[in-house]
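Written below as C-alpha cells is the structure these notes are about.
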Amino acid sequence: MRGILTDDNDELTILTTRDASGKITGGFVIGDNRADVVKRLLIAYLGEIKEDPLLGGNVMALSHGRVDPFWRGKMKKQLASQGITGNIRLSGAEIEIEIENEENS
C-alpha cells in the first residue's frame, strides 16, 4: 500500500534536486504524513512500536479471526493520540478511514 511520503516498497520518497554544479540541494519529500501514520498504526502489532507499546491496530488478526467489538473505538483513540481525527468504518473485510482536515479538527 503506497503512502503519501513513501513509495510502493515503503521507502521514503526522494526526489533529488541538484544545482548547476551537480551538488544535491534537496531530495526528501515534505508533506502531510497522516495517511502514513494511519497505515503504520493499522498494520503494527501491539508492542511493536517500542516508544509506545500500547499502539497497534493488529489488522492482520482481524482478517484471521473474530473481530474485537471494541477495535474501532480503540483504533480511534490510538489515532487521536497521534493527533489524527476521523471516522472509521468496518464493512465486512474492508476498513475505511476518513481523515478529517487539520483545520476541521
Side-chain angles (χ1 to χ4, degrees):
M1 178 192 328
R2 182 183 168 92
I4 294 172
L5 303 177
T6 55
D7 63 17
D8 291 330
N9 297 316
D10 278 338
E11 300 291 332
L12 285 176
T13 302
I14 299 176
L15 301 172
T16 306
T17 57
R18 299 178 184 267
D19 64 13
S21 65
K23 292 183 181 177
I24 296 175
T25 58
F28 287 110
V29 175
I30 298 173
D32 184 358
N33 73 337
R34 293 177 299 160
D36 292 305
V37 171
V38 169
K39 172 185 164 185
R40 288 175 187 356
L41 277 178
L42 282 172
I43 62 176
Y45 292 97
L46 285 175
E48 185 175 355
I49 301 171
K50 303 303 180 204
E51 297 81 22
D52 194 340
L54 297 178
L55 289 179
N58 196 12
V59 75
M60 290 304 291
L62 292 178
S63 65
H64 297 297
R66 236 174 30 140
V67 176
D68 177 0
F70 302 107
W71 182 87
R72 187 177 158 274
K74 290 176 186 176
M75 198 67 223
K76 199 163 184 152
K77 285 181 184 177
Q78 289 185 33
L79 292 172
S81 77
Q82 302 304 304
I84 300 170
T85 57
N87 296 315
I88 300 173
R89 287 187 277 292
L90 296 173
S91 175
E94 292 186 22
I95 299 170
E96 183 181 334
I97 299 179
E98 182 181 331
I99 300 172
E100 291 180 8
N101 292 331
E102 289 183 74
E103 57 270 2
N104 294 340
S105 42

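These values consider heavy atoms only, across backbone and side chains, with no hydrogens, waters or symmetry-generated copies.
Between Leu46 and Gly56, the shortest heavy-atom distance links the atoms CD2-O, 3.6 Å. Smallest separation of non-hydrogen atoms from Ile24 and Arg18: CG1-NH1, 3.5 Å. Across all their heavy atoms, Leu55 and Gln82 have their closest contact at CD1-NE2, 3.4 Å. Shown here for Glu48 and Ile43, the closest heavy-atom pair between the two residues is OE1-O, 4.3 Å.
Counting only heavy atoms from C-beta outward, the side chains of Ile99 and Asp32 never approach each other to under 4.5 Å. For the pair Leu42/Met75, a side-chain contact is recorded, criterion being any heavy-atom separation below 4.5 Å from C-beta on.
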side-chain contact (heavy atoms from CB on, under 4.5 Å) between Asn58 and Trp71, worked out: CA-CA 10 Å; Asn58 196 12; Trp71 182 87; 5.8 Å; no
Trace of the side-chain contact (heavy atoms from CB on, under 4.5 Å) decision for Ile84 with Gln78: CA-CA 9 Å; Ile84 300 170; Gln78 289 185 33; over 6 Å; no
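Here the CD atom belonging to Glu51 is positioned 13.0 Å from the CG atom belonging to Leu54, to the nearest 0.5 angstrom. In this structure, CD1 in Ile97 is found 10.5 Å from CZ in Arg72, a value given to the nearest 0.5 Å.
If you chain together hydrophobic residues whose side chains sit under 4.5 Å apart, Leu41 and Met60 never meet in one group.
Judged by distance alone, the side chain of Thr85 and the main-chain N or O of Glu100 form no donor-acceptor pair under 3.5 Å. In this structure a side-chain-to-backbone donor-acceptor pair under 3.5 Å is present from Lys76 to Gly86.
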